[in-house]
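Beneath this line is the structure, given in structure tokens, with notes to follow.
Naming: A, B, ... by sequence-line order, numbering from 1 per chain. Basis for what follows: all heavy atoms, side chains included, without hydrogens, waters or symmetry-related copies.
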There are 2 protein chains.
Amino acid sequence: MIDISEVVKRTGLAASTIRYYEQIGLIHSPGRHGLKRIFKSNVIEQLDLIKLGQNAGFSLDEISQMFSNSGQAMIDRNKLKDQANKIDEQIRKLTAMRDGLLHAANCPASSHLECPRFQKLLRVNRRLSTEST
Amino acid sequence: MIDISEVVKRTGLAASTIRYYEQIGLIHSPGRHGLKRIFKSNVIEQLDLIKLGQNAGFSLDEISQMFSNSGQAMIDRNKLKDQANKIDEQIRKLTAMRDGLLHAANCPASSHLECPRFQKLLRVNRRLSTEST
DNA sequence: ATACAACTTAAAGTTGACTTGAGGTCAAGG
DNA sequence: CCTTGACCTCAAGTCAACTTTAAGTTGTAT
């Protein structure tokens, strides 16, 4: 069991953020020492996953649906598959972006907007970002 | 020259968004027809580029810095590469996560938390997300 | 035993990125 | 000429994700 300052140290998050996450049910503190929250040390892994999800463009709400309530990770196998598909979709988007960005970084065209390949990327991106996800 | 409804049609953005982008200087309307804004048709590509940047994790502020004073999309190639690398890192993490989820969906362990492979995923992810990026 | 640093709460404030609402203007069609 | 609908403005509202503030409560060290 660790306290909030330990969580701060090991995740780099602000204490207020950790409290906020507990408040919205994203993580769970199994008890108190006096007033002070205590956490299981696996909260570190949970917070890392939350960070990962955020970086990948998922909202806290979506993330909390991945960890159905109270730290019990992901029970429903069909939901798990759905979630994997969502992530897969996100991977495809990010891959298109990365390729486009790398191309843009190397493209000799004076303006990226004039480069046919960059234009194609923009179109693809629009399709991807207006799709129902 | 096109009007705002044409921009709406061709980008899928809300008119209010387009006005907002003009207000913060992200795009430019070269004039009016009466009260009504008119746009050069290349604003469509600019807006696509903005969307791309957003999906790639840039803020509107960062995006507006990519459009140099001349209005031409002058993109800092090193920034693009940096961002591509960040995205690449995310793709790797997400791929690991997706694979972990798919495994979990098929894993016979009664709880995913007890599945050794899933536990390994969590550890791998933790390592990745604390690496210097 | 007391000081105090480190925690706590609840509520309000902030930021980014928009959206909504109320009321105004204008060009085009009947 | 007059209506109409698509545009306009400006201010305020919203939402997510936090942060800040003010006031209160410990556990621990001196």
- Task: Using whole Å, report how far CD of Gln54(B) lies from C1' of dG16(C).
- Result: 10 Å
- Task: Using side chain to side chain donor-acceptor pair (under 3.5 Å) as the criterion, list what pairs up with Asn85(A), not counting sequence neighbours.
- Result: none
- To the nearest Å, how far apart are Asp61(B) CG and dA17(C) P? 8 Å
- Report the C-alpha distance between Phe58(A) and Ile50(A) in whole Å, list the side-chain angles of each, state the deciding distance to 0.1 Å, and finish with yes or no for side-chain contact (heavy atoms from CB on, under 4.5 Å). CA-CA 9 Å; Phe58(A) 294 101; Ile50(A) 289 166; over 6 Å; no
- Message: Using a 4.0 Å cut-off to any heavy atom of chain A, which nucleotides of DNA chain D are the first and last in contact, reading 5' to 3'?
- Response: dA17(D) to dG27(D)
- Task: Grab the CD1-C1' distance between Ile63(B) and dC18(C) for me, whole Å please.
- Result: 14 Å
- Query: Is Ile18(A) reachable from Leu35(A) through a run of hydrophobic residues whose side-chain heavy atoms are each under 4.5 Å from the next?
  - Reply: no
- Task: Take the protein atom CD of Glu62(B) and the nucleotide atom C1' of dA17(C), then report the distance between them rounded to whole Å.
- Result: 14 Å
- Message: Does Ile4(A) reach a base, just sugar-phosphate, or nothing at all? Heavy atoms under 4.0 Å.
- Response: sugar-phosphate
- Starting at atom CD1 of Ile24(B), determine the distance to atom C1' of dA17(C), rounded to an integer number of angstrom. 8 Å
- Query: Checking Thr17(A) side chain against Leu13(A) main chain: does a donor-acceptor pair fall under 3.5 Å?
  - Reply: no
- Hey, can you pull the residues of residues 12-20 of chain A with a non-hydrogen atom under 4.0 angstrom from DNA chain D? Ala14(A), Ser16(A), Thr17(A), Tyr20(A)
- Message: So, taking the atom named CG in Leu26(B) and the one named CD in Gln46(B), what distance separates them when rounded to the nearest 0.5 Å?
- Response: 8.5 Å
- Item | Interatomic distance where CG belongs to Leu26(B) and P belongs to dG16(C) [whole Å] | 14 Å
- Item | Residue list, side chain to side chain donor-acceptor pair (under 3.5 Å) with Ser59(B), at least two apart or on another chain | Glu62(B)
- Ile38(A) meets the side-chain contact (heavy atoms from CB on, under 4.5 Å) criterion, sequence neighbours left out, with His33(A)
- Glu22(B) CD to dA17(C) P, straight-line distance once rounded to whole Å: 18 Å
- Query: For Asp3(B), which residues count as a side-chain contact (heavy atoms from CB on, under 4.5 Å) partner, sequence neighbours excluded?
  - Reply: Ser5(B), Glu6(B)
- Residues that Asp88(A) engages under side-chain contact (heavy atoms from CB on, under 4.5 Å), provided they are two or more places apart: Ile91(A), Arg92(A), Arg98(B)
- Message: Suppose the criterion is salt bridge (charged side-chain N to carboxylate O under 4.0 Å, His left out): which pairs have a residue in residues 28-40 of chain B, not counting sequence neighbours?
- Response: Glu22(B)-Arg37(B)
- Item | Where protein sits on nucleotides 22-30 of chain C, one letter per nucleotide: B base, S sugar-phosphate only, - none, heavy atoms under 4.0 Å | --BS-SS--
- Can you name the nearest heavy-atom pair linking Phe39(A) to Ser29(A), along with the distance? CE2-CB, 3.7 Å
